[in-house]
Each structure stands twice: as C-alpha cells, then as structure tokens.
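Just so it is clear: chains get the letters A, B, ... in the order the sequence lines come, proteins before strands, and each one is counted from 1. Computation of the quantities below employed the complete heavy-atom set of this structure, encompassing side-chain atoms and omitting hydrogens, waters and symmetry-equivalent molecules.
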Amino acid sequence: MIPHEMTSLDRVLCTLGHNEPDRVPLFLLLTMHGAKEMGLSIPEYFSKAQYVAEGQRRLQEKYNHDCYYAFFYAAIETAAWGGEVVFRENGPPNAGTPFIKSLDQIEGLAPPGVKTSPALSEVLRAIGLLARDADGKVPVIGVVISPFSLPVMQMGFGPYIEMIYRRPDMFAQLMAANEAFCIEWANAQLEAGATAICYFDPVSSPAIIPREIYLETGHPVAMRTLGRINGPTATHLASGIALPVAEDIAGTGTAAIGVSSADNLAAIKEICRGKLTLIGNLNGLEMVNWTRQKVFEVVKAAISAAGAGGGFILSDNHGEIPYQVPEAVLLAISEAVQAYGRYPLKSH
Amino acid sequence: MPQPPPDTVLIEELKDALLSSDEKKASRILSDSENQYKPLAFVEAVIVPVLDHIGQGWANDQYALSQVYMSGRICEDLVDGILPEKSEIRKIRPKMAIALLSDYHSLGSRIVWAVLRASGYHFISYGRIEADELVENIIEDRLEVVLISVLMLPSALQVKDVVHGLRRAGCNAKIVVGGAPFRLDKNLWTEVGADAVGFTASDALSIVQSFTRGKPI
C-alpha cells in the first residue's frame, strides 16, 4: 500500500521502479539560483561547498521539489584537466579556450586525479554535506560529463567532430583517458554520498550525431563507462532529442533519460515504458517568460503525456534551469505539480 | 546575371557524398563538372542547394549537426580551391561580418562561416568578441549585415546591448542572430531587437541572399 505522503527518495525510487508513487516527483535542476538564495555572486557561491550545500537545501525547501542537485557547472571537469573556467555575472561558468589545441596532445594524455583537484574536492564536500542533511529522505544527484561529450570542452566542437570522422585512432585514445576519469569521478561522488549519477551526454543525441555513428562511438563508450559506475545512473542529453536513440540508451544499463522539449513526450513514453524513467521536459528557456497560467498548462500537459504508470520525473529539458527564470515561475511549477501530479492521475 | 537552375542529378550525388562525409567523392563530383560549370555557377547550381537541403534536414531532425558541420567544411575546402580568398568573383556584398558573442563554443558560427564561404561569399570574421567591441567594429568597418552566433542565454541577451549601441550611434546595420537559445525560444530574437533570426546555417544564407536581391527580411 502506498503511504499518503512519501519522502522524496521513496517517491523517486517508486517511479524509477515504474510504479506510481503518491505524486509525480519534481526535480527543479537549479544551480545558480542557490547563489541568489544566499545573496552571493555566482563565482563566490561556487567557491565553497558549504555555500552550495546550503543553497541546495534552501531551494529544496522553498520549492518543495524532490532532489538535492550537486552539480556546480560543467566546466569544473575541464578545470580538473587544466582548462580555463570563465565566470560571468548572470549565467553558468563556461569552459574557456580549449586546452587540447592539436591532436598530438592526445597521445599520452593522462586523466587528472579526482581527489587532487581542489575544484572537484569541493564538489565532493558539498555532496557529503547534502547527504548528511538529506538523511536518506532526499536523493542527492551527482553529475558527470560523459567521456564522449567532454571533448567539446577539451578541444572544441568542430575539431572534435572532425576527429570522430577522420581520426578514429585519436578518438579511441581520448576516450580511454576520459572513460578512466569519468568512472573515477562518478564513483568518488557515490562514495561521498550521492544517491545517483546524472551522465550528461548531449553529443549522443541524434541532433548532434547520426545514430549509426553513435552506435559505433558514444554507445560503446556509455556501455563501458556506465558498467563500471557503482550506482544508478540517468543519461541526460541536455536539450538534445532522445526519441530515435531511446531504446539504444536503454541498452546501456542506465535507469532514466533526460528528454528534450523537442521530443514528443507521449511517443517516447511508449518506447520507454517499463525500461527507462523519463526526466523532463519543460523548456527552460521559454520558462523565463512563462505566466502562471502557462505554467499550469505545460505542467498539466507533461503529466498527462507521461505520468501514468510512474517512470516519470517532471523536470526541465536541459538539466540546468537558466539563472533568469524567476522565483514566481518556479513556485508555480511546484504548485502545479501538487495540483495535477497526485496519483491516481485524474483524467484532465 | 540570372542564377543557373539547380542541377538535380549532381545535387543528389553531392548530398550523398557529404552526408557520408566522403571528401574524395565530393571532390570528384566537382572535378567531373569542370567542363559543365564555371566555378561560381557550380556553387550556385549545386553546392548552395545541397547545403540548404542538409541544413533544413537538420532543422527537421532528419540529419545531425555533425553532418551539417562536415558538409560545410568539405564544401568550404572545395570552394576555396575554385574561388580563392582574394578571388574577384567572390560575392563582396552585402558587406558583412560574423561574430561569436561572448561565448566560447564556436560550432554554430563555424558552420555558418563554412556555408557562407562555400556559397562564394567574402566576409569578415570577428571570432569571439564582447558586445562593446563588436559595436565599435561594426561602425568602423561600415558593415551592412552582422551575423551573431551564441550558445548561452546570457550571451543571447547581450544582443540587446549591441543593437542599442548601434542604433544610438546611428548605425543601421542589420543584425541577424542564431544559436540554441533562439531555436529553443522562438520569440527571443524579437525581444533582443534583432532584425532576423536563422535557425540553421542555410537560413543565414537565405537571409543574406534576401539582402542582395533587395528583398526585405
């Protein structure tokens, strides 16, 4: 029998098991909003584990959503490799100029040690603080960039695509280094207290690379990597469409998939039912200008399309909600989930 | 001069070569056509329609961005071989530039660069640049069209500063924007005051062509 009010962790585990919990779980994947809550600049906020942990705690409480999101910013990984991070006032820190400037640098490239990186160590500390605060009631989501997608920041998108097509030998060498790093980084987060790992892999989306090339590249990379991560994973294509590769992704052993706002949620639900939990797919960019009425419309539509039978977590489509999305919209999303997301779902 | 009609047979052959990233086949198609087409005519009758088809195919989820990128790169190399940088038959109007505003992810601007070069255009590339410097450069270079590419929302919002800076200085250069934030939020380009938006590199080409034909955007 399902209890009237589950904890966030119970709710999420129930939906991951493709059963209906008390209501549709909500992941508001907020990163920079924690800085607003703390009254800090973005660089200052991400400089200390305590700030991020407290920011996440306040955001979870304020919006009554169902996870702690231990993601700082994507470029933190390239910082560990010696790359540059460029901070800005009103957006996520970016990876600066790629540090792999020629293919010669890939030969003999050794992955950095996770625990010797000050930036990554700060993330691990934040996860530890969040896990302690969660007390087994709220899932703590760790994040890795997939070995297949990390080169976009390591060497730039164009040179990376050219390498995939023209230099399979160098591609294989870079993947070997990246896989070793990704596995160590994911497992360190799990050891620190993360409940699950979000495996960001936008390059595997058919929007970026054809399925036939993905099956020769990103797919085997994911199979090798996810198989050595000692905990549950969710694959996220960060706004890239997922439908044409959803079954392939299910075969990698991941438990969930981040779905794009450009995907047909009902169609992808049919493919993934009983195999993959869907995470998505509210359009984070449009969210900036949503009215309360619009929020209720889109939340209702998403839940109607994908909520039945569990296996669905309402979230944004990108894995990071833009800094510009106002508090009123986030509060309205939370309210709309309470209004429309109670199981058994009503026919709207 | 009237444009040559699209050559459907060569278009299909080149499309297949580009989508499978077969540079040798693409090069052979070009060399086999040398007696049939002058360089710029080949560009207009074959390369431009193929790149347009592939770009639209990406917008419709038919092709992947990597195919758009590789197609543009291969065609850029082909066209550079028949229309060198300083060639007098390259199209120098409208006077334009391409810029990556504030971001570090240059794929989108690189694709647009390749498609425009492969279509025979000459233009300035500012690379990665901040809003203030971009305004100064546009005014100094007396540009008619500026293609601005972004990846992140904060960078997209900076287009507003560029437009205000230009209009304050009495500069009427047309601002054409493109990149992920504009694709995901279809109204964003009007909010930032751009004159046009391109959702694909071939859209950028059509917009530029509309200027040269004297059509409104």
Atom CG of B:Asp132: over 12 foreign heavy atoms under 6.0 Å: no
Can you tell me how far CE of A:Met287 sits from CG of B:Asp185, rounded to the nearest 0.5 angstrom? 11.5 Å
Would you say that B:Asp61 contacts A:Ile241 through its side chain, given a criterion of any heavy-atom pair below 4.5 Å between the two side chains? yes
Is B:Glu23 paired with A:Arg166 through a side-chain N to carboxylate O contact shorter than 4.0 Å? yes
Please state whether the side chain, the backbone, both or neither of A:Ser239 comes within less than 4.5 Å of a heavy atom of chain B. side chain
Heavy-atom pairs under 4.5 Å with chain A: which of B:Met152, B:Met70, B:Lys186, B:Gln67 has the most? B:Met70
B:Ser66 side chain vs A:Ile208 backbone, donor-acceptor pair below 3.5 Å: yes
Under the 3.5 angstrom rule, does the side chain of A:Asn283 hit a backbone N or O of B:Leu184 as a donor-acceptor pair? yes
Side chain proximity check, B:Tyr69 to A:Glu162, heavy atoms < 4.5 angstrom: yes
Which answer fits B:Leu157, side chain, backbone, both or neither, if we ask what part of it has an atom under 4.5 Å from a heavy atom of chain A? side chain
Does either side chain, that of B:Ser155 or that of A:Arg88, offer a donor lying less than 3.5 Å from an acceptor on the other one? yes
Most heavy-atom pairs under 4.5 angstrom with chain A, which of B:Leu153, B:Val68, B:Asn187, B:Leu19? B:Leu153
Counting heavy atoms not belonging to B:Arg128, are there more than 12 under 6.0 Å from its CZ? yes
With a 4.5 angstrom heavy-atom cut-off, could you sort out which part of A:Val86 is near chain B: side chain, backbone, both or neither? side chain
Against chain B, work out which of A:Gly96, A:Ala95, A:Gly91, A:Pro322 has the most heavy-atom pairs shorter than 4.5 Å and name it. A:Gly96
Interface moiety of B:Gln62 toward chain A, non-hydrogen atoms closer than 4.5 Å: neither
With a 4.5 angstrom heavy-atom cut-off, could you sort out which part of A:Glu89 is near chain B: side chain, backbone, both or neither? neither
Would you tell me whether A:Asn289 and B:Glu191 have side-chain atoms, one donor and one acceptor, within less than 3.5 Å of each other? yes
Can you tell which part of A:Leu285 gets under 4.5 Å to a heavy atom of chain B, answering side chain, backbone, both or neither? both
Quick one, A:Tyr165 with B:Arg73, criterion side chain to side chain contact (heavy atoms under 4.5 Å, CB included). Give me CA distance, side-chain angles, the key distance, then yes/no. CA-CA 12 Å; A:Tyr165 279 88; B:Arg73 286 286 293 114; over 6 Å; no
